[in-house]
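To find a chain, count down the sequence lines: A is the first, B the second, and so on, and within it residues start at 1.
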Protein chains: 2
Amino acid sequence: MEEHRALAAFGALSQETRLRILRMLVVAGPDGMAAGTIADKADVSASNVSFHLKELERAGLVAARRDSRSMIYSAQYDAIRGIIRFLMEDCCSGRPEICAPVITAAACGTPLKA
Amino acid sequence: MEEHRALAAFGALSQETRLRILRMLVVAGPDGMAAGTIADKADVSASNVSFHLKELERAGLVAARRDSRSMIYSAQYDAIRGIIRFLMEDCCSGRPEICAPVITAAACGTPLKA
DNA sequence: TCGATATTTCTAGGATTATTGAAATATGGA
DNA sequence: TCCATATTTCAATAATCCTAGAAATATCGA
C-alpha cells in the first residue's frame with residue numbers, strides 16, 4: 001500500500017462515526033448493509049451517513065452496490081489488511097521487535113499453531 | 001486501546017508530514033532525534049515541526065525529553081503496537097479471516113517458526 | 001404515470017486543522 | 001551578564017472537514 005492510500009485510510013478512520021460504521025460493516029460481512037440501516041444503527045441522518053460512506057469509499061475501505069432501492073455497503077477486507085500490513089512494514093522494517101509481540105500475542109484470538 | 005485513543009492515533013497518522021516524522025523516529029529507535037534534526041530531514045520549518053510533534057505527542061505516538069538545548073523526540077512503540085492490535089481486534093473479533101493472512105504472510109519478515 | 005421509499009447532492013454554516021512568521025522561552029558558554 | 005542556539009507559543013490566514021436541511025435522483029409498486 002502506497003503512502004497516499006494509507007494517508008487516506010488513516011483519515012477515514014480518524015472520525016468517530018466512520019469508525020463505528022466500518023466496525024459495523026466488518027461484522028456484517030460480505031453481504032454488507034443498506035445505507036438506511038447503517039444510518040439507523042449509527043444514529044445519524046441520511047445525508048450525514050451518505051457523506052461518511054462516501055468518505056470511506058474514497059479511502060477504499062468500503063464498496064457500494066445497488067440492490068433495488070437500497071445502496072448496500074460492505075467492508076473491503078483487503079484494504080483493512082492493507083493498513084495493518086502498512087503499519088507493520090513501516091515499523092518492522094526499521095524495528096522488527098515492535099511487531100513481533102503483536103503477531104505472537106494477538107494472532108486474532110486464533111492460536112497460531114492450531 | 002480504547003476507541004478514543006485510536007481515533008487520536010489515526011488522526012495523527014493521517015497527515016503526510018506527521019507520518020513521515022513518525023517513520024523517521026521509528027527508524028531512529030529509542031535514542032530518538034532532536035526537533036531541529038527532524039525539521040531538517042522532514043524539510044519543514046521549526047514552528048511547523050513543533051506543531052506536528054505536539055500533535056503526535058498528544059496522540060501518544062511519540063514522547064519528548066529535553067537534552068540540554070535540544071528536545072529529543074522518540075517513537076512510542078507501545079502505542080504503535082496498540083494501533084495494530086486495535087485494528088486486528090476490531091476486524092478479527094468479527095471476522096478472523098481478515099487478519100489471518102496478514103499474520104501468516106507478513107510476520108515482519110521474520111519467519112514465524114524460526 | 002403517480003406516489004412512496006431510499007439515497008445522494010447541494011448549499012451554507014460552523015468547527016477544526018495546517019501554515020507562516022514574529023515574538024517569547026529555555027539552555028549553555030564566553 | 002550577554003549572546004547564540006534550540007524550540008515553543010502566538011496570532012493571523014488559509015484550507016479542510018463536519019453537520020443540517022432542502023432539493024434532486026433513482027427505484028419500485030399500484
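- For Ala64(A) against Met71(A), the heavy-atom pair with the smallest separation is CB-CE, 4.1 Å.
- Considering only heavy atoms from C-beta on, Thr37(A) stays 4.5 Å or farther from Tyr73(A) through its side chain.
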Step-by-step salt bridge (charged side-chain N to carboxylate O under 4.0 Å, His left out) determination, Glu3(A) to Arg23(B): CA-CA 11 Å; Glu3(A) 170 164 321; Arg23(B) 285 168 119 163; 2.6 Å; yes

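- Contact of the Leu61(B) side chain with the Tyr77(B) side chain is not registered, since no non-hydrogen atoms from C-beta on lie closer than 4.5 Å.
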Contact pattern, 5' to 3', of nucleotides 25-30 of chain C - B, S or - by protein heavy atom under 4.0 Å: --BS--

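- In this structure, the side chains of Phe10(A) and Ile83(A) come closer than 4.5 Å at one or more pairs of heavy atoms.
- Chain A approaches DNA chain D within less than 4.0 angstrom (heavy atoms of the protein), and the contacting nucleotides run 5' to 3' from dC18(D) to dC28(D).
- Side-chain contact between Leu87(B) and Leu13(A): present, with at least one pair of heavy atoms (C-beta onward) separated by less than 4.5 Å.
- Ala39(A) comes within 4.0 angstrom of nothing in the nucleic acid, heavy atoms only.
- Using a 4.5 Å cut-off between side-chain heavy atoms of Ile, Leu, Val, Met, Phe, Trp and Tyr, with links allowed through other members, Met33(A) and Phe51(A) fall into different hydrophobic clusters.
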Base versus backbone protein contacts along nucleotides 12-23 of chain C [heavy-atom cut-off under 4.0 Å; B, S, -]: ------BBBBB-

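- Note on Leu22(A) and Ile72(A): separate hydrophobic clusters, where clusters join Ile, Leu, Val, Met, Phe, Trp and Tyr whose side-chain heavy atoms are under 4.5 Å apart, directly or indirectly.
- Taking each heavy atom of Gln76(A) and Val62(A) in turn, the nearest pair found is CG-C, 3.6 Å.
- Within the nucleic acid shown, Ala46(B) comes within 4.0 Å of at least one base atom, counting heavy atoms only.
- The side-chain heavy atoms of Ser74(B) and Arg65(B), taken from C-beta on, include a pair separated by under 4.5 Å.
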